[in-house]
K.L.:
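First the structure, then my questions, so here it is.
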Amino acid sequence: MATQIRSGNRFRNMRIVIVDYGMGNIKSISSTLQYLEIKDVLFSADYEVLRSADKIILPGVGSFAKAMKRIRDANLDIILEELSVKGTIPLLGICLGMQLLGLSSPEDGFNTGLGFVDGIVTKFDSSACKIPHVGFNQVKPNLSSRLYISLPVFPDFYFTHSYKMNSDTNIHQSMCEYDQEFVASFEKDNIAGVQFHPELSQGNGLQLLKNFIELF
Amino acid sequence: MSTKIFWCKNCLNMSTRPRISFDDRGWCNACQWMEEKKTFDWSSRERELKELLQKYKSKTGNFDCIVPVSGGKDGSYVAYMLKYKFGMNPLAVTVRPALSLEIGDKNLHNFIHSGFDHIHLSPNSKALDRLNKYGFIEKGFPYYGWLIAIMTAVIKTAVNFKIPLLFYGEDGEIEYGGSTESKNKALYGINYMKRIYLEGGHQKVFDRISQDSDITEADLSFFKFPSDDEVSEIGLSFTHWSYFEAWDSYRNYVIAKEHCGLIEKEEGNTDTFTNFAQNDQALYALHAYLMYLKFGFGRATQDAGIEIRRGSMTRDQALNLVRMYDNAYPAELIDTYLTYYKMTKEEFDSVLDKYANKDLFEKRDGIWQPKFVPGIDFEI
Amino acid sequence: MLRKRIIFALIYSDGYFTQSRNFRLQRVGDLKWLEKNYQFQKIASSLDELIVIDASKGQKSITSFASMISDLVNDVFIPICAGGGIRSMQDAELLFKSGADKIIVNQILLQNPGLVRELISNYGSQSVVASIDYKQVNGINEVYIDNGSSKIPQRLEEYIRYVELLDIGEIYLNSIDKDGTGFGYDFDTINEIARHISKPLIIAGGAGNENHLIGGLAIKEVSAVATANLFNFIGDGLPNARKKIIDTGVNIANWSPVNS
């Protein structure tokens with residue numbers, strides 16, 4: 001049974017800006033957005049460009065420490081706070097991008113993150129499970145979530161990470177299990193984060209991105 | 001009265017294949033044999049082989065067995081086993097085909113230099129070419145002359161060197177689907193060979209060539225079987241390696257690659273998905289194409305059957321390959337064939353027309369196209 | 001629950017995709033052929049990942065390879081792992097920019113571990129897959145590099161331990177003996193060593209049909225099964241195989257096709 005996944009009409013003219021701080025699989029994300037018929041996709045670290053966005057995506061592949069350094073050096077921490085925390089531009093963090101939105105991570109030395117959500121990143125326990133957590137795994141969608149609308153009840157997404165986020169606060173988190181439960185995604189007002197890669201998760205990922213575009 | 005055309009339920013052998021038979025599951029005899037091979041008591045056949053070899057092993061350092069080879073995987077495997085596993089002293093023999101391919105020549109060279117005594121026979125090329133041509137026209141066998149010579153010339157050599165044991169590779173009828181009458185016999189004689197492998201009509205071609213004034217009896221000497229007396233005088237016996245050991249042509253390929261220097265055709269083939277078999281002569285593609293026109297199955301079907309039976313591929317997987325490769329008019333070789341046979345395109349096409357089974361094929365834009373889809377049973 | 005994966009490996013050489021048999025390559029077709037006979041857009045939903053390896057002999061052109069990757073990845077929404085001949089950070093960067101989500105490395109694991117560490121430090125260990133080719137010589141599993149032509153002094157188990165210490169993300173373990181034969185995976189070796197491997201393990205070499213894949217997936221310590229058999233899975237081979245595998249209850253993701 002094939003699923004028809006395209007953007008609704010009024011969303012096709014949206015501008016989506018992918019934060020370019022030199023780390024992240026930009027090509028995969030942009031070709032997915034292209035498939036969803038979003039034509040106005042930019043990669044930038046420039047304040048004016050980001051300010052003009054209808055939606056912002058924060059990608060990330062690599063080390064938390066390195067990423068935060070680059071983000072701070074480019075003043076992106078201040079920019080994103082103004083636009084999405086004080087402002088209302090929807091922001092989606094993907095993989096490392098999602099972890100950066102949290103409070104801290106010990107990867108490559110203890111570092112503070114952007115602190116937009118109350119989540120703490122720690123490493124998986126190598127004595128309990130193989131690291132990295134790589135492959136498709138099932139996510140238990142939070143009942144209040146917008147990201148998982150029209151998705152199967154226990155959808156598979158592609159994960160590839162050695163560090164994961166947990167939170168004691170209600171950040172509308174949807175959990176995944178690998179050795180123990182961890183935050184697969186969170187949603188706090190206009191800010192969302194997904195630990196998995198929607199752009200690598202077949203039809204499920206496409207639908208989730210579509211939901212972000214249309215419902216945030 | 002209509003006939004049902006169908007495919008083996010296990011491999012993709014077609015019901016049109018001569019001498020094929022099916023059980024009530026719809027499995028052809030090649031597949032039934034494949035099942036039997038798994039539980040077969042090969043140890044008793046190995047004992048028989050050892051006894052046979054013991055009987056024939058030369059005590060004087062003479063050649064004690066003769067193996068026809070082309071440089072390809074099967075002959076190389078048999079020669080390798082006889083010499084290096086069983087300590088015999090085989091003489092390998094090749095009958096030079098017309099239009100030999102460079103990769104075939106290279107493989108033969110590699111085989112010989114991997115450690116074998118070898119004789120390269122070149123039967124009278126005028127006679128060979130004429131027999132090939134008449135075989136093509138009269139019987140739809142494009143290398144008929146060579147098919148005869150790989151028996152007659154080889155036997156003549158055996159008689160000449162007084163080698164009493166001749167090893168062929170596999171019995172194609174049993175391994176690939178056909179008459180099973182020789183299944184339980186180790187040794188057999190010339191008349192069986194004449195009947196099955198030359199599919200009768202041997203005389204028809206010889207009658208035609210006898211009318212050619214430029215070809216003499218002497219020119220044909222490599223194409224004549226020795227007399228029954230000559231054969232029995234040296235006590236010549238013929239056998240198939242596949243009687244003594246479960247035949248596995250992929251295994252032969254692996255061994256030949258490892259021990260006899262076999263190389264493959266890097267650019268692949270247009271009519272099948274393998275690249276490691278039948279690489280010795282350009283006429284093989286035409287032979288395979290004629291088989292396709294006569295019966296509806298080509299080289300890819302044969303190769304698919306081998307893969308299915310050895311468990312590497314399922315029937316569904318193979319079907320994709322058969323549909324992709326079987327219908328392969330050898331366009332890139334047509335000029336070569338016309339030059340070789342000294343025929344015009346019209347003459348050549350009219351031979352193809354003669355052999356195309358009109359129940360199975362129809363001509364569109366000058367090429368015979370199948371009226372059927374492989375795997376989908378139909379009626380004619 | 002973490003799923004197991006079915007991975008298709010494309011062996012690329014000088015502009016063509018090939019069928020490898022014990023590392024002897026048969027040219028099959030170029031990207032157009034692949035698109036026509038495999039229709040990756042359609043069959044991608046029967047796969048969990050793609051690995052593309054540049055096995056060109058002699059001087060490899062990473063720019064041609066990267067350009068092909070770039071074309072290949074359009075409309076395919078699964079992870080792509082690319083490699084073969086990566087010798088510098090620039091090579092890796094080019095592949096990532098062209099659409100690769102992970103890179104696969106072989107020779108540099110032994111000959112330039114510093115580069116491997118740098119790649120991991122830059123892109124994360126989850127982005128680097130270690131490829132190990134081995135074959136049995138006199139009953140012992142020996143490791144070969146350089147398209148299977150040069151034996152290294154370390155034996156398989158020892159080498160795996162060394163590679164794990166570099167902190168790569170996954171191990172792609174390939175049997176040269178079984179490669180392309182359709183005989184099935186080297187279960188003797190895999191069953192013996194899999195439980196000692198601490199990184200996610202992808203097994204390769206010998207799969208011809210879905211039964212082999214099922215056998216591989218049944219081994220507890222195997223994270224993923226890979227096949228590079230271009231011929232056997234042509235046409236609807238992969239979708240059919242996946243359906244049959246799901247029907248046997250194996251723990252893999254169940255996708256519905258994305259309409260192109």
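Per chain, numbering begins at 1; letters A, B, ... match sequence-line order.
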K.L.:
For B:Asn275 and C:Arg24, test the side chains for any donor-to-acceptor distance below 3.5 angstrom and give the result as yes or no.
P.N.:
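There is no such pair between these side chains.
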K.L.:
Going from CG on C:Asn232 to CG on B:Asn320, what distance comes out if it is rounded to the nearest 0.5 angstrom?
P.N.:
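Going from CG on C:Asn232 over to CG on B:Asn320, the span is 10.5 Å.
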K.L.:
Is C:Gln19 reaching over with its side chain to a backbone N or O of B:Gly268, donor-acceptor style, under 3.5 angstrom?
P.N.:
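Checking the backbone N and O of B:Gly268 against the side chain of C:Gln19, no donor-acceptor pair under 3.5 Å is found.
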K.L.:
Considering only heavy atoms and a distance below 4.5 Å, find which of B:Asn269, B:Val254, B:Thr274 pairs most often with chain C.
P.N.:
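The candidate making the most pairs under 4.5 Å is B:Thr274.
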K.L.:
Does the side-chain contact (heavy atoms from CB on, under 4.5 Å) test come out yes or no for C:Asn22 and B:Lys257, once each step is laid out?
P.N.:
CA-CA 10 Å; C:Asn22 302 126; B:Lys257 193 162 56 167; 2.9 Å; yes
K.L.:
Check this for me: B:Lys371, atom NZ, are more than 12 non-hydrogen atoms of other residues, nucleotides or ligands nearer than 6.0 Å?
P.N.:
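Enclosed.
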K.L.:
Going by the angle between their ring planes, with limits at 30° and 60°, are B:Tyr250 and C:Phe183 parallel, tilted or perpendicular?
P.N.:
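Judged by the thresholds at 30° and 60°, the geometry between B:Tyr250 and C:Phe183 is perpendicular.
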K.L.:
With a 4.5 Å heavy-atom cut-off, do B:Tyr253 and C:Arg21 have their side chains touching?
P.N.:
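B:Tyr253 vs C:Arg21: side chains touch.
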K.L.:
Taking atom NZ of B:Lys106 as the centre, does the number of heavy atoms from other residues, nucleotides or ligands within less than 6.0 Å exceed 12?
P.N.:
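It does not: B:Lys106 NZ has 12 such atoms or fewer within range.
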K.L.:
I'd like to know whether C:Asn209 forms a side-chain contact (heavy atoms from CB on, under 4.5 Å) with B:Arg315, so could you lay out the CA-CA distance, the side-chain angles of the two residues, the decisive distance to 0.1 Å, and finally the verdict.
P.N.:
CA-CA 10 Å; C:Asn209 58 57; B:Arg315 188 181 189 271; over 6 Å; no
K.L.:
Tell me if the CD atom of B:Glu266 is crowded by more than 12 foreign heavy atoms within 6.0 Å.
P.N.:
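12 or below, so no.
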K.L.:
Quick one: closest heavy-atom pair of C:Trp33 and B:Met324, and the distance?
P.N.:
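What the structure gives for the nearest pair is CZ2-CE, 3.4 Å.
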K.L.:
Under 4.5 Å, counting heavy-atom pairs only, tell me which of C:Asn211, C:Asn229, C:Asn37, C:Thr18 racks up the most with chain B.
P.N.:
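Highest number of pairs under 4.5 Å: C:Asn37.
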K.L.:
Heavy atoms only: give me the nearest C:Phe233-B:Gln317 pair and the separation to one decimal.
P.N.:
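Heavy atoms only, the tightest pair is CE2-NE2, 3.2 Å.
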K.L.:
Under 4.5 Å heavy-atom distance to chain B, tell me which part of C:Lys36 shows up: side chain, backbone, both or neither.
P.N.:
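No part of C:Lys36 comes within 4.5 Å of chain B.
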K.L.:
Can you say whether B:Arg323 sits under 4.5 Å from chain C via the side chain, the backbone, both, or neither, judging by heavy atoms?
P.N.:
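Contact with chain C involves no heavy atom of B:Arg323 at all.
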K.L.:
Is chain B contacted by the side chain of C:Ile234, its backbone, both, or neither, given a heavy-atom distance below 4.5 Å?
P.N.:
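Interface part for C:Ile234: both.
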K.L.:
Would you call B:Glu267 and C:Arg27 a salt bridge, using N to O less than 4.0 angstrom?
P.N.:
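No, this pair does not count.
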K.L.:
Compare every heavy atom of B:Ser312 with every heavy atom of C:Thr181, then report the nearest pair and how far apart it is.
P.N.:
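It is O-CB, 3.9 Å.
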K.L.:
Find the distance between OG1 (B:Thr314) and CG (C:Asn240) and round it off to the nearest 0.5 Å.
P.N.:
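It is 8.0 Å, given to the nearest 0.5 Å.
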K.L.:
Using heavy-atom distances under 4.5 Å, tell me whether B:Lys265 contacts chain C through its side chain, its backbone, both, or neither.
P.N.:
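Looking at B:Lys265, just its backbone touches chain C.
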